[in-house]
Amino acid sequence: MFDKVLVANRGEIAVRVIRACQEIGVRTVAVHSDADRLSPHVLLAGEAVRIGPAPASESYLDMDAVIGAARETDAEAIHPGYGFMAESPEFARRVSDAGLVFIGPPAEAIAEMGNKTAARARMVEAGVPVVPGSDALVDAEQGRIEGDRIGWPVMLKAAAGGGGKGMRIVEGPDDLPRALDAAAREAGQAFGDSRVYLEKYLPDPRHIEIQVLADSFGRVVHLGERECSIQRRHQKLIEESPSVVVDADLREQMGGVAVAAAEAVGYVGAGTVEFLYQDENFFFLEMNTRIQVEHPVTEFVTGVDLVQEQIRVAAGLPLSVKVSADWPRGHAIECRISGEDPLGGFFPSSGTIRALEVPCGPGVRWDGGIMEHFEVGLHYDPLLGKLITHAPTRDEAILRMRRALRELQIEGVRTTQPFHLAVMDEPDFRSGKFSVRYIERHPDLLEPREDDWQARAAVVAAALLEHRSRAGGSPLQASTAASRPGHGISEWRRRLGSGG
Ligand code: ADP
């Protein structure tokens with residue numbers, strides 16, 4: 001096993017990886033930008049190295065700075081988390097060239113899966129069903145021909161795509177030229193690669209993905225599915241395991257295909273094979289060659305620590321997973337708590353975390369990247385933390401999530417918490433009848449609601465703040481709370497729609 005691992009990330013995933021290391025006796029190094037000097041991942045790690053100013057391009061994306069920090073601290077391996085450099089074959093290569101271990105798949109596997117058209121071609125070869133589509137388009141004329149062949153409507157997607165960016169639905173051939181120009185421009189700006197391709201647009205699919213783990217001894221296993229259909233603008237908001245539409249037979253079928261996909265590219269480590277599911281058919285969408293945000297739901301229903309398995313495998317050890325016939329055990333749900341205002345178009349919200357109370361109790365897990373006094377800025381992804389619940393049945397996991405969401409108190413920035421609470425009470429979500437279009441079909445979820453728990457929570461928050469300022473809490477904190485408009489107790493009530 002490694003003696004010391006550097007975590008090349010920030011926020012909740014850096015905290016998650018550091019915790020995994022600490023449990024298995026691996027020492028940790030955090031890296032941070034100036035904006036994150038005082039953040040949970042820095043305080044939790046054994047050592048911390050400053051790698052640059054706040055902009056990610058000058059810190060968390062600076063390969064030399066990150067590799068230099070590993071050298072300087074004698075770390076043997078680098079865990080990239082997700083985002084930033086996690087899916088950069090160049091970074092994986094440079095880490096190995098520096099004599100360090102990249103905790104992730106081989107650079108070739110990242111490269112093969114990173115380009116969507118190449119990955120699709122590879123999957124067709126391996127016998128994996130893919131969404132019908134085209135290769136990268138040369139021009140609009142070719143796009144028209146491909147669209148006619150595939151059948152309209154189609155979806156334009158960036159070959160180098162990710163994070164739901166650069167996708168466009170094209171209803172018919174007349175709309176194609178303009179959409180193609182716009183999509184190519186957007187892809188160029190976002191990914192430095194303007195190649196786009198077509199996929200058949202599925203009108204009402206579910207997003208279901210399979211977690212796989214592979215070691216360097218040729219063992220590849222799957223750990224069942226995650227249902228990730230609750231999305232806004234193609235970005236996941238709520239995930240669960242198992243999916244209500246997947247039975248044991250379908251799980252084995254999809255799991256087998258996912259294992260074949262991983263084997264086809266010589267995969268090692270943790271990966272996710274994503275599918276669209278519609279009318280009892282499933283189609284390969286893409287493979288994410290890293291740990292996913294939503295990995296905790298799989299951990300709850302299998303008992304496997306995915307991050308520790310990643311580290312084991314990277315250290316050259318075999319997987320320690322014992323696949324069990326009684327997986328999935330119970331039901332797990334995750335709500336992504338972001339610093340975004342769900343009642344204001346999910347506009348990013350910044351500010352200082354003035355108070356933070358995280359829920360606990362049976363079957364509740366909080367994977368967070370914030371703490372009191374932490375300054376939430378606009379430099380990075382708005383994810384603040386994830387609330388995950390586990391219970392014997394889906395209904396109980398939902399009730400538990402509702403309870404936990406009510407206990408969660410984040411003071412100082414607007415968060416997606418009220419949105420999640422509304423979903424937990426919504427009949428279609430409760431009955432499991434939804435697709436990736438769930439949010440567009442339920443615009444009411446983005447309206448303010450009035451609930452008596454919110455009034456109670458506001459009173460508790462008010463008392464807490466008052467107690468802290470009286471007990472000699474930082475005068476700065478007390479005066480900030482009182483004087484800054486839009487950040488006081490009445491604001492909290494307003495935000496939760498409890499009438500002030
Ligand atoms: P990204 O890599 O940018 O996250 P994905 O290919 O994983 O993009 O797709 C993200 C989401 O976009 C899917 O979960 C689904 O909601 C939607 N989507 C993608 N492809 C299609 C398609 N062919 N038809 C309908 N919806 C799609």
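Excluded from the calculations below are hydrogen atoms, water molecules and symmetry mates; all remaining heavy atoms, backbone and side chain alike, are included. Counting starts at 1 for both ligands and their atoms, in listed order.
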> Considering only the protein, which heavy-atom contact is closest to atom 5 (P) of ligand 1, and what is its distance?
Replying inline: K116 NZ, 3.6 Å
> Quick one: does L202 get an N or O within less than 3.5 Å of an N or O on ligand 1?
Replying inline: yes
> To the nearest 0.1 Å, how far is atom 16 (O) of ligand 1 from its closest protein heavy atom, and which atom is that?
Replying inline: Q231 OE1, 2.7 Å
> Would you say K236 contacts ligand 1, with heavy atoms under 4.0 Å as the rule?
Replying inline: no
>> Taking the side chain as everything from C-beta on, heavy atoms only, tell me whether M167 gets closer than 4.5 Å to M155.
In response: yes
> Atoms of ligand 1 less than 4.0 Å from K157 heavy atoms?
Replying inline: 6 (O), 19 (C), 20 (N)
>> Would you call the rings of F84 and Y380 parallel, tilted or perpendicular, taking 30° and 60° as the class edges?
In response: perpendicular
> Are any of the side-chain heavy atoms of V293 and K236 separated by less than 4.5 Å?
Replying inline: no
> How far is atom 17 (C) of ligand 1 from its nearest protein heavy atom, and which residue and atom name does that atom have?
Replying inline: H234 ND1, 3.5 Å
> Just which atoms of ligand 1 are under 4.0 Å from any heavy atom in H207?
Replying inline: 13 (C), 14 (O)
>> Apply salt bridge (charged side-chain N to carboxylate O under 4.0 Å, His left out) to residues R122 and E112 and explain how you reach the verdict.
In response: CA-CA 8 Å; R122 194 80 193 75; E112 271 202 90; 2.9 Å; yes
>> Could you tell me if R10 and S39 have a donor-acceptor pair between their side chains, going purely by distance under 3.5 Å?
In response: no
> With backbone taken as N, CA, C and O and side chain as the heavy atoms from C-beta onward, which portion of Q235 lies under 4.0 Å from ligand 1: side chain, backbone, both, or neither?
Replying inline: neither
>> F282 vs Q253, test: side-chain contact (heavy atoms from CB on, under 4.5 Å). Steps then yes/no.
In response: CA-CA 10 Å; F282 60 90; Q253 216 183 323; 3.9 Å; yes
>> Strictly below 4.0 Å, N to O, side chains only: are D428 and K433 in salt-bridge contact?
In response: no
> Any N or O on L285 sitting closer than 3.5 Å to an N or O of ligand 1?
Replying inline: no
> Hey, which atoms in ligand 1 end up nearer than 4.0 Å to a heavy atom of G164?
Replying inline: 1 (P), 3 (O), 4 (O)
>> Is the positively charged end of R394 above the ring of F429, judged by distance under 6.0 angstrom from the centroid and angle within 45° of the axis?
In response: yes
> Should you measure from each heavy atom of G162, which atoms of ligand 1 turn up under 4.0 Å away?
Replying inline: 1 (P), 2 (O), 3 (O)
>> Minimum distance, heavy atoms only, to atom 9 (O) of ligand 1: which one of E209, M155, M167 is it?
In response: M167
> Between R336 and D381, is there a salt bridge with N-O shorter than 4.0 Å?
Replying inline: no
>> Quick test: of every protein heavy atom, which one is nearest to atom 7 (O) of ligand 1, and how far off is it to 0.1 Å?
In response: E286 OE2, 2.8 Å
> Hey, does the Lys NZ or Arg CZ of R120 hover above the aromatic six-ring of F284, less than 6.0 Å from the centre and inside 45° of the axis?
Replying inline: no
> Looking at V436, which atoms of ligand 1 are within less than 4.0 Å of one of its heavy atoms?
Replying inline: 16 (O)
> Considering only heavy atoms of E274, which atoms of ligand 1 have at least one such atom less than 4.0 Å away?
Replying inline: 7 (O)
> Does a salt bridge link E240 with R226, judged by any charged N lying under 4.0 Å from a carboxylate O?
Replying inline: no
>> Using a 4.0 Å cutoff against the non-hydrogen atoms of K200, which atoms of ligand 1 qualify?
In response: 22 (C), 23 (N), 24 (N)
> Taking only heavy atoms of Y201, which atoms of ligand 1 are found under 4.0 Å from at least one of them?
Replying inline: 24 (N), 25 (C)
